[in-house]
Structure formats: C-alpha cells, structure tokens
Protein chains: 2
Amino acid sequence: MTKRAETTERRRLEIIEAAIACFVEAGFHQTGMRDIAGRAGVSVGNLYNHFMDKAALIAAIAALETDQVEDFVAATAPGDAADAALDAFCRGYLAICLQPVSIVLTAEFASEAVRNPAIGALFERNRRILRRALAAILERGVRAGLFDPALDRDEAAATIIDMIENLPIRAHLQGGEVGADRSEALLGFVRKLARRP
Amino acid sequence: MTKRAETTERRRLEIIEAAIACFVEAGFHQTGMRDIAGRAGVSVGNLYNHFMDKAALIAAIAALETDQVEDFVAATAPGDAADAALDAFCRGYLAICLQPVSIVLTAEFASEAVRNPAIGALFERNRRILRRALAAILERGVRAGLFDPALDRDEAAATIIDMIENLPIRAHLQGGEVGADRSEALLGFVRKLARRP
DNA sequence: ATTGACTGAACGATCGTTCGCTCATATTCA
DNA sequence: TGAATATGAGCGAACGATCGTTCAGTCAAT
C-alpha cells in the first residue's frame with residue numbers, strides 16, 4: 001500500500017471514530033456533519049471525500065460492528081461442550097454489549113432500523129450471524145442430550161440474544177450497573193431455557 | 001366542563017394523535033412541528049397553545065402510554081392462579097406490543113430514553129409499573145409452590161417484559177409476522193423460566 | 001368586555017451538501 | 001533521473017432547505 005493510501009485509510013478511521021463518539025453522545029439525527037468534522041479535526045468538505053453522505057457514515061459504523069461480531073463468533077471454540085459453549089457465548093456477547101458504545105448504538109440502530117430499510121438490513125445481518133452461531137451451539141447441545149430436544153433453536157437463539165442485548169440497556173435506564181449478580185441471573189435464565197425438562 | 005374546554009381537550013387529543021402518526025412514520029427528530037400541524041389540520045402556532053414545546057408533546061404521548069399500561073395492569077385479575085395469571089399477562093402485553101404504533105414507538109422511546117433523562121424517567125416509569133405487576137404474579141406463584149423459589153422475581157420480571165417487547169420488534173426487522181407459533185414459543189420460554197427445577 | 005383558541009408570516013439557527021480552490025503526493029514522460 | 005502532469009485529500013465559505021419557536025393580529029365563545 002502506498003503512503004498516500006495509508007494516510008487516507010487512517011483518516012477514514014479517525015472520521016468513523018469521531019462519528020461514533022458524536023452519535024453516542026447525541027444520536028444520529030442530532031449530530032451534524034460539522035460536529036463530526038470538528039471532533040475529527042477535519043473540515044466539513046473533507047468528510048465528503050471519504051464518505052458519500054451521512055448515511056454512508058452510519059453504514060460504515062454498522063460494517064465495523066459486523067467485523068467485531070464476526071471476530072467474536074469465530075472465537076467461540078466449536079470444540080467445547082455445548083453447555084460450556086453456551087455459557088462462553090453469553091458471557092462474551094454480554095461483555096461486548098456492556099461497552100458504553102454498544103449500549104447507546106444498539107438502541108440507536110434498532111430505532112433507526114425499524115424505519116430505514118437500508119440500516120435495517122445491515123442491522124439484521126449482524127443479528128443473523130449471532131443467531132446462527134448460537135443456534136448451532138443449541139443444536140449441538142440437543143444432539144449431545146444436554147438441551148431440550150423440543151427447543152426451537154432459532155427462536156431460542158434470537159430470544160437469548162435479545163435478553164443479552166437488553167440487560168445493559170435496561171440497567172442503564174434504571175441508573176444501575178450490571179454487576180456479577182445480574183450477569184449470573186441472566187446466565188441462569190439462559191441455562192434454564194435450554195435445559196431439558 | 002364548558003363547551004369551550006371540551007373542544008380544547010378534543011383538539012389536544014387530535015394533535016397528540018397526529019403527532020403519534022408522524023413519529024411512527026418518521027421518528028421524533030425527523031418529524032417537524034409543521035408535519036404535526038398539517039396532519040392535525042391546525043396551524044403551527046396553535047400547537048404552542050396546547051403544548052409548551054416539542055418535548056412536551058413527546059411527554060404527553062408517554063403519559064398516554066402510562067394510562068394504557070395502568071389499565072392493562074389493573075385488568076390482570078389478582079384472583080387467578082399464578083400460572084394462569086402469568087400466561088394472561090404475557091398474552092395481554094404481547095397483544096399491546098404487537099400494535100404497529102407500539103413497535104415503532106417502543107424502539108423510538110428506548111433510543112431517546114438512553115440519552116434524554118426526562119424521557120428516560122417517563123419510559124422507566126411505565127416499565128416499573130409492568131415489572132411490579134409481573135413480579136407480584138411470580139411471587140404469588142412461588143408462594144403457591146408453582147414457581148421456582150430460587151427465582152429472582154424482579155430480574156425475571158424485567159427479563160420477561162423485555163422478551164415480550166422485543167419479539168414484535170425482532171419480527172418486524174426480519175420482515176416476518178408474529179404468528180401463533182412464535183407467540184406460543186415465547187410463552188413456552190417464559191413458563192420454563194418460571195417453572196421450578 | 002374579556003378570554004383564549006387560532007392563524008401564518010417571520011426569525012435566527014442549523015441542517016446536509018456543494019463548490020472553487022490549494023497543495024502535497026503519485027505517476028508519466030523526456 | 002528530473003521535470004511535467006494528474007490525482008485526490010483537504011479547506012471553508014456559501015447554498016437552499018428546514019428546523020423549533022415567536023408574535024401581532026383575528027375571531028368566536030364566555
């Protein structure tokens with residue numbers, strides 16, 4: 001890669017990070033291009049050399065999240081026992097969702113996705129990656145006789161992911177923290193949901 | 001009530017309903033006061049005779065939701081057996097959340113609440129009413145020996161409410177509907193979560 | 001005679017985006 | 001290799017549109 005292309009990519013990332021910071025603080029629609037430019041230490045006009053428009057910036061952030069999710073899913077070892085894998089998946093994804101960035105952006109993306117199909121597709125794509133990985137763990141557990149054979153794997157996976165994503169948001173709204181007790185309570189619910197009757 | 005006060009209140013409701021319709025279509029921050037005024041068949045200036053500002057309009061909608069939630073909670077008969085009451089609560093609240101208005105507004109309020117403390121307080125108030133009612137049902141079930149005594153009533157109640165609220169949103173994003181199968185799957189998860197081991 | 005619902009033009013601020021411009025770097029050619 | 005050319009990152013003023021809000025004025029109900 002040439003030196004020019006390197007600095008361009010670095011700048012691109014700087015802009016994305018500035019945009020994330022702004023969106024977290026103020027939300028998509030309350031953040032202006034001038035806010036992002038100012039935070040990134042760049043002119044307004046230059047934003048448009050790196051991104052077609054504001055929507056492209058939002059999409060780039062969603063794409064960055066896809067990378068993070070794919071890395072996480074790839075790191076969940078498929079060799080472990082299913083019950084241990086389920087625990088590891090929940091703990092790992094909860095750790096991701098507990099980041100302040102995630103808390104706000106998840107809520108922000110969700111509300112945007114409900115109305116904006118383009119964002120909705122990107123959002124749904126991330127969810128599908130997670131859902132499939134978790135459903136595979138559940139399937140493995142059912143085959144091993146660990147989990148309830150009557151379990152609807154896909155629906156259960158989607159429900160568990162929702163539970164994990166919502167815990168930090170809920171805690172944030174109640175003004176509290178997600179301590180070890182709450183994490184363990186969540187894990188208990190998940191285990192109970194998967195366990196055979 | 002005088003005739004004047006009557007028409008004023010009717011007008012106030014018309015404005016709120018117009019605002020809801022706009023917010024559902026476009027979201028809080030993409031909806032202008034002119035959009036609301038136009039939809040309500042009223043001048044922009046007149047909006048400010050009924051509501052201090054845009055935030056007051058949003059708050060009024062949240063207050064309307066509080067009424068709906070309180071009515072629902074009051075209607076859940078405390079005489080029923082706890083397991084039947086749990087079913088009824090879930091089905092009833094799911095029916096509320098399945099309304100298109102709820103789907104979008106729930107997501108919209110959640111993302112707004114994360115950042116805006118005033119809205120967050122209103123939002124959290126509605127959640128608390130629901131949480132307490134459901135926690136009471138769980139408590140009754142535990143006392144009757146129907147539910148798991150080790151259950152964290154509050155945390156379980158909050159989790160169940162999240163599950164119910166998220167099912168319609170998730171289905172909407174996936175482009176599908178919430179049929180009887182999905183509703184029943186959700187109910188199964190809830191029962192499993194409450195059941196004693 | 002007084003009140004207050006109602007109108008719509010107007011205000012200043014801010015929005016996303018464009019555009020003419022400069023300048024450092026990369027590429028091409030003598 | 002050195003000079004000429006092409007490229008695109010970067011700037012910031014300016015554009016038209018739209019934002020939430022105000023206000024002087026009208027008119028029907030009290």
Side-chain angles (χ1 to χ4, degrees), chain A residues 1-62 108-109 111-112 115-116 118-119, chain B residues 1-62 108 111-112 115-119:
Chain A
M1 195 187 298
T2 69
K3 195 167 135 197
R4 180 78 167 276
E6 264 177 39
T7 63
T8 299
E9 182 156 326
R10 198 183 321 127
R11 182 51 53 87
R12 192 186 136 90
L13 274 174
E14 284 170 4
I15 292 173
I16 289 182
E17 273 165 31
I20 290 177
C22 290
F23 291 156
V24 165
E25 275 179 16
F28 290 155
H29 299 289
Q30 296 89 287
T31 295
M33 295 303 261
R34 287 159 188 82
D35 301 325
I36 300 170
R39 165 97 62 155
V42 146
S43 71
V44 225
N46 195 22
L47 290 185
Y48 290 86
N49 288 323
H50 294 272
F51 300 93
M52 259 206 75
D53 53 20
K54 196 182 180 185
L57 242 168
I58 298 177
I61 294 175
E108 195 72 24
F109 266 114
S111 80
E112 186 67 15
R115 194 172 312 100
N116 183 336
I119 299 291
Chain B
M1 195 186 296
T2 68
K3 195 165 133 196
R4 181 76 167 275
E6 263 176 39
T7 64
T8 298
E9 182 157 325
R10 198 183 320 129
R11 183 51 54 87
R12 192 185 136 91
L13 274 175
E14 284 170 4
I15 292 173
I16 289 183
E17 273 165 32
I20 290 177
C22 290
F23 291 156
V24 165
E25 274 179 19
F28 291 157
H29 299 288
Q30 295 91 288
T31 295
M33 296 302 263
R34 287 160 189 81
D35 300 324
I36 300 170
R39 166 96 63 156
V42 147
S43 70
V44 224
N46 194 21
L47 292 186
Y48 290 86
N49 288 322
H50 294 272
F51 301 93
M52 259 206 74
D53 52 20
K54 197 182 177 182
L57 242 168
I58 298 178
I61 293 175
E108 194 72 25
S111 80
E112 185 67 16
R115 194 171 312 101
N116 182 336
I119 298 292

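Here is how names work: the chains are called A, B, and so on, in the same order as the sequence lines, proteins then strands, and each is numbered from 1.
- Within residues 33-57 of chain A, the residues having any heavy atom under 4.0 Å from DNA chain D are, by residue number, Arg34(A), Val42(A), Ser43(A), Gly45(A), Asn46(A), Asn49(A), His50(A).
- A distance of 9.5 Å separates CG of Asn49(A) from OG1 of Thr8(A), quoted to the nearest 0.5 Å.
- Ion pair Arg11(B)/Glu14(B) flagged as a salt bridge, since at least one NZ, NE, NH1 or NH2 atom sits closer than 4.0 Å to an Asp/Glu carboxylate oxygen.
- Remark: Leu13(A) CG to Ile16(A) CD1 distance equals 5.5 Å, nearest 0.5 Å.
- Nearest-nucleotide assignment on DNA chain D puts the 5′-proximal partner with Gln30(B), out of Arg4(B) and Gln30(B).
- Put simply, SG on Cys22(A) and CZ on Arg34(A) are 13.0 Å apart, with the number rounded to the nearest 0.5 Å.
- Taking 4.0 Å as the cutoff to heavy atoms of chain B, we find the contact window on DNA chain D bounded by dC19(D) to dT30(D).
- Taking OG from Ser111(B) and NE2 from His29(B), the interatomic distance works out to 7.0 Å, rounded to the nearest 0.5 Å.
- Atom CZ in Arg11(A) sits about 15 Å away from atom P in dA24(C), given to the nearest Å.
- Note: Ile20(B) CD1 to Ile58(B) CD1 = 11.5 Å, rounded to the nearest 0.5 Å.
- A 4.5 Å side-chain heavy-atom check between Tyr48(A) and Met33(A) finds at least one atom pair inside the cut-off.
- Note that the CD atom of Glu112(B) and the CD1 atom of Ile119(B) stand 5.5 Å from one another [nearest 0.5 Å].
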